[in-house]
Amino acid sequence: MRTGTMSVCLSAFVAHVCLLNSAAANELPSDFAVNPTAVNMTVVPKVVVNSGRLEWTPFSRDLTHWPSLSHEDRRSTLKPRKVALSEPLNGDPVRGRALALARDKGYCIVCHELPGEDWPGTVGAMLLNFKKNNYPNELVFQQIFDARAFNPNSVMPPFGTFGILTEQEIRDLVAYVQSLD
Amino acid sequence: MKPTLIAMILLAGMVQLPAQADAPYREYDVIEDYLPNVKGDMQLSGSYKHWKDPKNLDWRLAGNPEENWKLNWKFMDPPFNTSVHGGHFAADRGEAIFKELNKTGRFAACLGARNGSLKGLRTHYPMDRPDLKHVAGLEEVIERCAAKEGRVLQNGSYDNSAVSVYVASQSTGMPININVTRSGPLKASFERGRKLFHMRAGRFNLACSSCHTHQIGLHLRGNVVTTPYGDAAHFPVYRTRYQLQSLHLRFAECNLDTRTQPLVPGSRAYTDLEVFLTGLTNGYPVSVPSERD
């Protein structure tokens, strides 16, 4: 009898969790700028001169997957993640440099100074002569994967935890910055 | 005995679960105190001393791309910038629409004008609107009041912002004055806005404050980060890239730039952010029509 009550309780418990999850996944906040029928739901406002109506055009990427500023958004931020790097590094510095300059990938140049590039950012640490720091690969890998492991207030995007870069891409970036002398 | 214990633990779990669901794990940047007045910038970036007098800006700073961030782009505002631009055309169209809608005087009264005068009206927005039962920005109120007159002026649309530019231009030179320290809906909105300003969001896990509090004066590629103080005074603004842009559309642009899902203009979150930024602009004169890159 007790066991029976327990299983009901357990199934109710699981159903409750499932319901919560499905609600979070299917129902977007009502104030999202989206076209719910499109593959990439996110839309961009477009101002039309001398018109009382706002037009919306598709954005190149679906941004609904990440937590937003909406008060209705009940999703959590992915927590900081510590990772271990398995050596050998096996990264390609040439590919790493391309990633560091690619808008849709690392785009490190926005914040960091890199050799041979105009208009670098100055928000992040300068990466010229980075090799002389003699940082272990594992530390650099963790910094790019999720810098919050070292500093919870770091403004550096958690490229690994948030899936912006793959593990191999981060290995390539580590190889690139470790080669800067 | 044991099954009872397990059941009790499970029950405790069920009780706790909704509480956890109510408070998702979100990351905040270090929340600092902000003085709800434009002078508060002296404790943040210190650039206020360069732009506090809009009439007498240092043209040597304005002409130097390494230093013009210290003027917080105020060198593009009237009266320092005397050029004619798209913002002036918008003000003209806004005036025509306003006069069309205000034939009976009802439209101006709906916006909150006293005795039909628009002078100083912009300095009190965003305000708590009992008819809407929430705090609302000028553009949201324009949309609502125009609808009462049978005209569609969607929040963020060119015509809506044009009317907003015209209304704001009647207050040019008058200091922004919203009270966010007296307890009430406006203060609550300011506090929510402050929290949102520091809340991390989007694909890159960035908050507004990630750059606009701690990195002021530093480069992000070709741009230099400026202070959040004094920024709300020149909206809606003529952007050479985006035509006429209301503050809420600017927020949407910021969100997209940091790969965060944008919200629709007039959303509660954007209005709270508007109240926060307008609070940080208290005491600085309205500068409309204005232009930016």
Side-chain angles (χ1 to χ4, degrees), chain A residues 2-3 5-6 9-10 12-13 16-17 20 24 28-34 41-45 47-54 59 61 63-79 107 109-111 119-123 148 152-153 155 157-158 161-164, chain B residues 3-4 6-7 10-11 13-14 17 21-22 24-27 29-30 93 146 151-161 192 196 199-206 210-211 214-215 218-222 225 242-245 249 252 255-256 259-265 267-270 273:
Chain A
R2 272 179 180 170
T3 322
T5 321
M6 230 178 72
C9 175
L10 194 66
F13 179 76
H16 188 53
V17 175
L20 268 177
L28 293 172
S30 61
D31 52 2
F32 268 19
V34 286
M41 289 198 272
T42 304
V43 288
V44 182
V47 176
V48 184
V49 177
N50 295 350
S51 163
R53 289 178 196 277
L54 196 57
F59 188 62
R61 187 183 286 278
L63 299 173
T64 57
H65 307 301
W66 290 277
S68 70
L69 294 182
S70 169
H71 290 313
E72 297 168 34
D73 204 331
R74 311 304 299 166
R75 292 171 295 179
S76 301
T77 306
L78 293 171
K79 290 191 174 161
Y107 212 27
I109 189 74
V110 169
C111 297
W119 294 106
T122 54
V123 164
R148 297 173 297 169
N153 295 322
V155 296
T161 309
F162 275 51
I164 305 163
Chain B
T4 323
I6 294 167
L10 276 171
L11 271 170
M14 283 179 76
L17 196 74
D22 277 343
Y25 168 74
R26 292 299 293 264
E27 287 184 355
D29 198 358
V30 182
R93 181 164 171 88
R151 179 151 182 168
V152 177
L153 291 184
Q154 285 178 349
N155 194 344
S157 69
Y158 183 92
D159 283 354
N160 181 307
S161 296
R192 284 194 301 272
L196 282 176
M199 185 156 77
R200 297 189 175 226
R203 188 170 177 247
F204 295 153
N205 205 31
L206 293 171
S210 298
C211 297
H214 305 295
Q215 321 288 355
L218 298 176
H219 284 257
L220 285 172
R221 203 66 158 135
V225 183
Y242 296 96
Q243 289 291 343
L244 206 54
Q245 192 177 43
L249 288 196
N255 274 168
L256 287 162
R259 301 294 182 268
T260 304
Q261 171 61 40
L263 311 179
V264 292
S267 59
R268 292 302 93 220
Y270 279 180
L273 271 175

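Note: hydrogens, waters and symmetry copies are ignored here, and every other heavy atom, side chains too, is used.
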Asks: Kindly give the heavy-atom pair with the smallest separation between F162(A) and G202(B), and that separation in Å.
Replies: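 That closest heavy-atom pairing would be CE2-O, 3.4 Å.
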Asks: With a 4.5 angstrom heavy-atom cut-off, could you sort out which part of L220(B) is near chain A: side chain, backbone, both or neither?
Replies: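 For L220(B), the contact with chain A is made by backbone and side chain together.
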Asks: Quick one: does D31(A)'s side chain get under 4.5 Å of R268(B)'s, heavy atoms only?
Replies: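 Contact flag for D31(A)/R268(B) side chains = no.
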Asks: Quick one: of H219(B), R221(B), R93(B), who has the most non-hydrogen atom pairs under 4.5 Å with chain A?
Replies: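 Result: the option with the highest number of such pairs is R221(B).
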Asks: Let's test your reading of the structure: which of R151(B), R259(B), Q245(B), M199(B) forms the most heavy-atom pairs below 4.5 Å with chain A?
Replies: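 Among the listed options, the one with the most contacts to chain A is R259(B).
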Asks: At a heavy-atom distance under 4.5 Å, which candidate from C211(B), S210(B), A252(B) has the highest pair count against chain A?
Replies: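 Going by pairs under 4.5 Å, I would pick S210(B).
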Asks: For S70(A), which atoms come within 4.5 Å of any heavy atom of chain B: side chain, backbone, both, or neither?
Replies: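 Contact with chain B: backbone and side chain both.
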Asks: Within the distance-only criterion (no hydrogens, no angle test), does the side chain of R26(B) pair as donor or acceptor with the backbone N or O of T77(A) below 3.5 angstrom?
Replies: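 Answer holds: no.
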Asks: Tell me whether T122(A) contacts the main-chain N or O of L218(B) through its side chain, where contact means a donor paired with an acceptor under 3.5 Å.
Replies: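 It does not hold such a pair.
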Asks: Heavy atoms, side chains only, cut-off 4.5 Å: are R200(B) and W66(A) in contact?
Replies: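 No. Closest side-chain heavy atoms not under 4.5 Å.
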Asks: Please name the pair of heavy atoms, one in I164(A) and one in F204(B), separated by the smallest distance, quoted to 0.1 Å.
Replies: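 That would be CD1-CD2, 3.5 Å.
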Asks: For the candidates V225(B), V152(B), L206(B), which exhibits the highest count of non-hydrogen atom pairs separated by less than 4.5 Å from chain A?
Replies: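 Among the listed options, the one with the most contacts to chain A is V152(B).
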Asks: Given heavy-atom pairs under 4.5 angstrom as the criterion, report whether the side chain, backbone, both or neither of R53(A) touches chain B.
Replies: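 When you check distances to chain B, atoms from both the backbone and side chain of R53(A) fall under 4.5 Å.
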Asks: Given a strict heavy-atom distance threshold of 4.5 Å, which part of L256(B) is in contact with chain A: side chain, backbone, both, or neither?
Replies: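 Both parts, backbone and side chain.
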Asks: Any side-chain heavy atom of P262(B) sitting closer than 4.5 Å to one from T42(A)?
Replies: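 Counting from C-beta outward, P262(B) and T42(A) do come under 4.5 Å.
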Asks: Taking the side chain as every heavy atom from C-beta outward, state whether R75(A) and P24(B) have any pair of such atoms under 4.5 Å apart.
Replies: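 Contact flag for R75(A)/P24(B) side chains = no.
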Asks: Between P265(B) and L54(A), what is the shortest heavy-atom contact and its length?
Replies: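 So the minimum-distance heavy-atom pair works out to CG-CD2, 3.9 Å.
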Asks: Specify which of L273(B), L249(B), L263(B) makes the most heavy-atom pairs with chain A at under 4.5 Å.
Replies: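 Highest number of pairs under 4.5 Å: L263(B).
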Asks: Considering only heavy atoms, which portion of V48(A) lies under 4.5 Å from any heavy atom of chain B: side chain, backbone, both, or neither?
Replies: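 Contact with chain B is through the backbone of V48(A) alone.
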Asks: Taking all heavy atoms of G222(B) and all of W119(A), pick out the closest pair and write down the distance.
Replies: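 So the two residues come closest at CA-CE3, 3.8 Å.
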Asks: Using a cut-off of under 4.5 Å for heavy-atom pairs, which of S161(B), A269(B), A146(B) has the most such pairs with chain A?
Replies: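 Top count of heavy-atom pairs under 4.5 Å with chain A: A269(B).
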Asks: Heavy atoms, side chains only, cut-off 4.5 Å: are V47(A) and S157(B) in contact?
Replies: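 Of all side-chain heavy-atom pairs linking S157(B) with V47(A), none is under 4.5 Å.
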Asks: Go through the atoms of Q243(B) and report whether side chain, backbone, both or neither lie under 4.5 Å from a heavy atom of chain A.
Replies: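 The answer is the side chain of Q243(B).
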Asks: Side chain, backbone, both or neither: which part of R192(B) has a heavy atom under 4.5 Å from chain A?
Replies: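 The answer is the side chain of R192(B).
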Asks: Heavy-atom distance under 4.5 Å between the side chains of T161(A) and N205(B), does that happen here?
Replies: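 No, side chains not in contact.
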Asks: Identify which of N50(A), V43(A), L69(A) forms the greatest number of heavy-atom pairs closer than 4.5 Å to chain B.
Replies: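 Heavy-atom pair counts peak at N50(A).
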Asks: Check step by step if side-chain contact (heavy atoms from CB on, under 4.5 Å) holds for V123(A) and H214(B).
Replies: CA-CA 9 Å; V123(A) 164; H214(B) 305 295; over 6 Å; no
Asks: With side chains defined as the heavy atoms from C-beta onward, is the minimum distance between V155(A) and Q215(B) less than 4.5 Å?
Replies: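 Yes; the side chains approach each other to less than 4.5 Å.
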Asks: Looking at Q261(B) and P67(A), would you say the former's side chain and the latter's main chain have a donor-acceptor pair under 3.5 Å?
Replies: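 No: the side chain of Q261(B) does not pair with the backbone of P67(A).
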Asks: Taking atom CG of L63(A) and atom CG of N255(B), what is their separation to the nearest 0.5 Å?
Replies: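 Output value for this atom pair is 9.0 Å.
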Asks: What part of F32(A) gets within 4.5 angstrom of chain B, counting heavy atoms only: side chain, backbone, both, or neither?
Replies: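 Both the backbone and the side chain of F32(A) come within 4.5 Å of chain B.
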